[in-house]
Amino acid sequence: MCGIVGFTSLKTPAVGPLISGLRRLEYRGYDSAGVALESSDGIQIYKQTGKVAELDALLRQSLSPEEGGRATIGIAHTRWATHGQPTKANAHPHVADGGRLALVHNGIIENYAALRAGLEKHGVTFQSQTDTEVLAHLIAQFDKSADFLSAVTQALKQVEGTYGIAVISMRHPGEMIVARKGSPLVIGICDGQTVVASDVSAIIAHTRQVIYLKDGDVARVTPESVNIFSLDAMPVSRDIQEIDFDATAIEKGGYEHFMLKEIHEQPDALKNTIRGRLDRSEGTAILSGFNLSPRELAAVRRLVIVGCGTSLHAGMVGKYLFESLADVPVTPEQAAEFRYSNPLIGPDDWVIALSQSGETADTLAAVRESVRKGALVSALCNVVGSTIAREAGRGVYLHAGPEISVASTKAFTAQVTALVMTALKLGRTRRLSREEGIRLVEEIERLPELVASVIERSDAIAAIAEKYAATNDMFFIGRGILYPTALEGALKMKEIAYIHAEGYQAAELKHGPIALLSGKTPVIALLADIPGKEKTIGNVQECKARKAPVVAIVTEGDDDACAHADDVIAVPRTSQHLSPIVSVVALQLFAYHVARLRGCEIDQPRNLAKSVTVE
Ligand code: AGP
């Protein structure tokens with residue numbers, strides 16, 4: 001969940017590219033940061049708690065231009081603490097061998113305590129409470145006698161857990177060793193320099209030619225060469241791939257926050273998700289990435305959708321889509337629960353993994369468990385070349401473009417849109433008629449304009465947010481397909497505005513949570529004009545009876561629904577299958593404006609990180 005960068009060049013000083021790389025990866029973790037710069041004088045370490053900007057300030061104070069100019073190889077890290085508080089001592093890089101070796105790490109060394117005890121018996125003293133420092137000392141033990149690569153592989157063979165690492169050593173000047181197991185690592189191939197990073201956003205400024213390392217890969221990297229090996233030091237070849245977006249895609253583009261930019265990008269993102277995937281004449285979807293024949297689709301007995309956080313909420317919306325459009329039973333599963341439940345799945349089950357980043361550790365493990373149990377496994381991911389996408393082997397990319405803000409927005413609407421198209425495709429192998437299919441295709445094609453019209457109401461939503469920005473507790477309620485949408489609305493409010501927000505199935509309130517309602521607990525009710533609305537209006541009246549102020553997301557022109565709310569956010573009319581998409585955009589904007597008014601760190605909320613690569 002941290003971000004690591006490595007840079008080695010024939011002539012370009014490393015400090016600049018390392019700092020700009022860290023800034024790109026800051027959404028992966030931002031409680032402390034550090035760099036190690038190697039020059040003929042040795043390895044200089046600079047670490048700081050807080051954001052990359054604080055590290056940059058430290059470097060500007062303490063690094064003379066000569067020193068900065070001399071080091072053309074270096075490694076860097078931005079941290080999301082797992083072991084040890086966010087302190088300078090626990091910040092990476094960690095050193096060993098009297099400062100001759102430095103290492104940065106993303107992941108968790110699970111057997112670090114045992115390894116540490118063994119090293120302490122050999123007189124090694126530790127400067128930090130981290131699991132990572134153990135690995136630095138372990139490599140140093142072997143580095144005294146072996147070549148750099150085998151020193152690293154021998155050490156890694158003793159490690160249990162996950163890692164993405166970059167190591168430099170004065171015993172092997174000019175060489176960098178990188179390795180991955182469970183945590184992502186990408187190598188950027190350029191002319192006379194090589195860049196290594198946790199994801200492509202830190203590489204795109206240098207090159208679009210990249211190599212995605214696989215689990216068990218170890219690479220020796222110099223400015224002019226990249227050689228990849230297995231942990232047994234056997235040569236391994238990996239394809240060079242092209243990054244499919246350019247650097248502007250990861251700029252704010254004039255918006256105050258990436259989250260606001262990504263909310264506004266949704267109409268275009270949905271056009272990309274839909275493009276070339278609908279067959280209007282047959283009223284179905286194409287989605288060749290699933291690589292499943294109509295016969296295989298028709299043979300699917302049950303669907304299991306796995307994911308975490310926002311992706312899990314999209315999966316829960318998927319349940320309503322597949323069961324109503326394709327008559328197949330669906331079980332949405334929280335990935336961590338699923339992977340450790342010894343799940344009852346088999347060849348007749350289709351497991352679809354949802355992950356924006358394609359790197360979430362629990363979802364990856366759920367994919368591996370499903371493959372192990374012989375289920376049909378596919379993935380819906382946004383990041384091209386991500387581990388989940390590669391390991392699932394078949395699936396659909398969302399093409400929503402890079403999502404930088406920790407709070408996921410356009411990935412959710414793209415995930416639900418892709419799930420509607422998948423349910424349409426599966427439904428057409430069963431009871432869904434061509435006419436019904438064509439109607440749904442026409443609706444899906446209108447989605448970008450419908451979403452654009454919700455975004456146009458941002459100022460009106462901001463005015464309503466003004467009234468509720470000082471609130472500390474909120475309830476989001478919905479029924480049927482709008483229940484997981486309510487969960488998603490509550491998650492956004494928790495993540496970026498730090499408001500204790502709960503999402504509930506509207507009927508569930510009176511079985512307990514209603515006890516918490518008062519004039520201080522606004523209720524955000526999803527009242528789109530779809531089946532179940534009347535019942536939800538009944539629940540809204542129960543809330544009003546407890547003096548709770550109500551903000552309702554209604555279908556424009558539905559005066560009946562408006563009559564029950566203190567404040568109303570109107571969204572365009574759609575079928576129930578697409579109602580989560582237009583309703584959630586209103587909830588995203590509501591949460592965004594509340595957080596903005598509360599002065600919250602919207603793009604990098606406290607304690608969070610964009611992709612959760614540890615359990
Ligand atoms: C959502 O805003 C959060 N960032 C988080 O819940 C996220 O959805 C979850 O970590 C899953 O991430 P993924 O889609 O990249 O697997």
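Just so it is clear, the structure is predicted and the values come from calculations on it, not from any experiment. First listed ligand is number 1; within each ligand, the first listed atom is number 1.
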Among pairs that include at least one residue of residues 590-615, which meet ring pair (Phe, Tyr, Trp, His ring centres under 6.0 Å), considering only residues two or more places apart or in two chains?
His257-Tyr592
Is it the side chain, the backbone, both or neither of Glu359 that has a heavy atom closer than 4.0 Å to ligand 1?
neither
Test item, Thr363 contacting ligand 1 (heavy atom, 4.0 angstrom)
no
Could you check if a side-chain atom of Leu297 sits within less than 4.5 angstrom of a side-chain atom of Trp350, using non-hydrogen atoms only?
yes
Can you list the ligand 1 atoms lying under 4.0 Å from a non-hydrogen atom of Glu495?
1 (C), 2 (O), 3 (C), 4 (N)
Within the 4.5 Å heavy-atom criterion, are Met259 and Thr409 side-chain neighbours or not?
yes
Decide whether an N or O pair under 3.5 Å exists between Ala609 and ligand 1.
no
In terms of atom number and element, which parts of ligand 1 are under 4.0 angstrom from non-hydrogen atoms of Gln356?
13 (P), 14 (O), 15 (O), 16 (O)
Which atoms of ligand 1 sit under 4.0 Å from any heavy atom of Ser408?
1 (C), 2 (O)
Regarding ligand 1, does Ser355 bring an N or O atom to under 3.5 Å of one of the ligand's N or O atoms?
yes
With a 4.5 Å heavy-atom cut-off, do Cys381 and Gln356 have their side chains touching?
no
Distance-only N or O hit between ligand 1 and Thr360, under 3.5 Å:
yes
Among the heavy atoms of Cys308, does any lie under 4.0 Å from an atom of ligand 1?
yes
Going by distance alone, is a donor N or O of one side chain under 3.5 Å from an acceptor N or O of the other, for Thr413 and Gln266?
yes
Taking the six-membered ring of Tyr498, is NZ or CZ of Arg606 closer than 6.0 Å to its centre and within 45° of its axis?
yes
Less than 4.5 Å apart, side chain to side chain, heavy atoms only: is that true for Leu25 and Asp199?
yes
N or O contact, Ser311 vs ligand 1, cut-off under 3.5 Å:
yes
Atoms of ligand 1 less than 4.0 Å from Lys492 heavy atoms?
1 (C), 2 (O)
Go through ligand 1 atom by atom and flag the ones less than 4.0 Å from a non-hydrogen atom of Ala407.
2 (O)
Not counting sequence neighbours, which residues clear side chain to side chain contact (heavy atoms under 4.5 Å, CB included) with Glu508? List them please.
Tyr504, Gln505, His511
Of the non-hydrogen atoms in Ser370 and Phe338, which two are nearest, and what is the gap between them?
OG-CE2, 3.4 Å
Determine, considering heavy atoms only, which of Val306, Thr310, Asp362, Val383 sits nearest to atom 5 (C) of ligand 1.
Thr310
